[in-house]
Visitor: 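For reference, the structure I am asking about is given below.
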Amino acid sequence: MTAAKDPWLLTPGPLTTSAATKEAMLHDWGSRDAQFIETNARVLRRLLDIANAADTHVCVPLQGSGTFTVEAALGTLIPPRDANKDAKALVLINGAYGKRMAQILDYAGRDHDVLETPEDTPPNLNDLEAALKSDSAITHVVAVYCETTAGILNPIEDIARITAENQRRLIIDAMSAFGALPFDASAIPFDGMMASSNKCLEGVPGMGFAILRRAALEQCQGNAHALSLDLYDQWRAMEKNGQWRFTPPTHVINAFDAALDQFDAEGGAAGRHARYAANCKILVDGMRGLGFETLLADEVQAPIIVTFKMPADPKFDFQAFYDALGSRGYVIYPGKLTVAPSFRIGCIGQLGESEMKGALEAIAEVMEEMGVESGAP
Ligand SMILES: *Cc1c(COP(=O)(O)O)cnc(C)c1O
């Protein structure tokens, strides 16, 4: 039996990975095996180097999808209400991932306020500054770099500057940005940054990691609300013997190491950004040619995932569109917006010019089959 060809995943994750990354998983490793311990340490070092953070920060990995690491980092860095440590977070929200962080803080009983803008609008920097000036109880600002809900690029350097100027600490969900958008610890002061194996770094899903300012993490013993999510404990244990506290995702880590080789060969974040930006341009130009409109203005569109407004033509049926593209080998993604009916097409993962053009051809064919002349909303 020959396996059917895998579909191209034009989604925000899981993503299409290379053959070399998948092949790196065709072994078994013991968690105490010296070779595995070395690979694990190498992956963590490489992640710190990508953030230019090796002198100031440590990298702490965690099993699970990205949200597990977000939950762990928030719970480890922000002490609970009753801890006599006086912590309060201000969460900048313009999409589902910012909302999720506020929900995580609710679950964990961490004091917080939110500053919300619509999904197509970056946070208002004057409002951020005013909130920090007027509420001295705020200790942490929590922000999303690329808000994957709409695909919007938030001004993380400005947010970091305002947070630092006002002597507050910054925690960044950089899940869908790290590895493709610029991220340099010398330009972005932060206590915590969370990302995962499976977005712009093109590993397989299964682990996240947090890059944490060492001096801040040293103060975090006893903060975490769950043993398995305690990044302070995970860090201390790994410092001691190089091992994970609980069964490590051995295959994911080896695949990640291989994916990072390819990341280096592509020219690091700059090279990856160039490919994703080219993918995004092909996609947006092609879709506009078919009459579709993007939700976002080009100035705030990150080259990660693009939201298109739903076409107005009553003959356009999203589920039929989705299924017909899927049967041609292209998986897209429903919208997650409250501001407008929409769908999304991703630019990240092991995709290039031929896959983006192939997707556009398939979209044009499916529209013709449906009798939809234009994608105009
Ligand atoms: C993908 C993503 C996450 C994590 O999502 P999981 O489904 O838990 O991997 C968190 N934040 C952002 C901005 C993301 O894009």
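Just so you know, ligand 1 is whichever comes first in the structure, and atom 1 is the first atom listed for that ligand.
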Visitor: Going by heavy-atom distance to atom 11 (N) of ligand 1, choose the closest among Asn154, Val144, Asp173.
Guide: Asp173

Visitor: Give the residue and atom name of whichever protein heavy atom lies nearest to atom 13 (C) of ligand 1, and the separation in Å to one decimal.
Guide: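 Ranked first by proximity to atom 13 (C) of ligand 1 is Thr148 OG1, 3.2 Å.
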
Visitor: So, are Asp135 and Lys88 salt-bridged, with charged N and O less than 4.0 Å apart?
Guide: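 A salt bridge is present here (some side-chain N lies under 4.0 Å from a carboxylate O).
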
Visitor: Could you find the nearest protein heavy atom to atom 7 (O) of ligand 1 and give me its residue, atom name and distance?
Guide: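 Ranking protein heavy atoms by distance from atom 7 (O) of ligand 1, first comes Ser65 OG, 4.1 Å.
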
Visitor: Looking at Cys146, which atoms of ligand 1 are within less than 4.0 Å of one of its heavy atoms?
Guide: 13 (C)

Visitor: Identify, by atom number and element, the atoms of ligand 1 in contact range of Thr67, meaning under 4.0 Å from any of its heavy atoms.
Guide: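 Near Thr67, meaning under 4.0 Å from one of its heavy atoms, ligand 1 has 4 (C), 5 (O), 6 (P), 8 (O).
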
Visitor: For Ser176, take its heavy atoms, then give the atoms of ligand 1 lying under 4.0 Å from any of them.
Guide: 15 (O)

Visitor: For atom 9 (O) of ligand 1, what's the nearest protein heavy-atom neighbour? Residue, atom name and distance, please.
Guide: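 Its nearest protein heavy-atom neighbour is Gly66 N, 3.0 Å.
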
Visitor: Could you check atom 3 (C) of ligand 1 against the protein and tell me its nearest heavy-atom contact, residue, atom and distance included?
Guide: Met175 CG, 3.3 Å

Visitor: Under 4.0 Å from a heavy atom of Lys199: which atoms of ligand 1 are those, numbered in the order shown and with their elements?
Guide: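 Numbered from 1, ligand 1 contributes 1 (C), 2 (C), 3 (C), 14 (C), 15 (O).
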
Visitor: Could you point out which residue of Met207, Gln63, Met194 forms a side-chain contact (heavy atoms from CB on, under 4.5 Å) with Thr69?
Guide: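 Between Thr69 and the candidates, side-chain contact (heavy atoms from CB on, under 4.5 Å) is satisfied uniquely by Met194.
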
Visitor: I need the single residue from Glu202, Glu353, Glu355 that forms a salt bridge (charged side-chain N to carboxylate O under 4.0 Å, His left out) with Arg275. Which is it?
Guide: Glu202

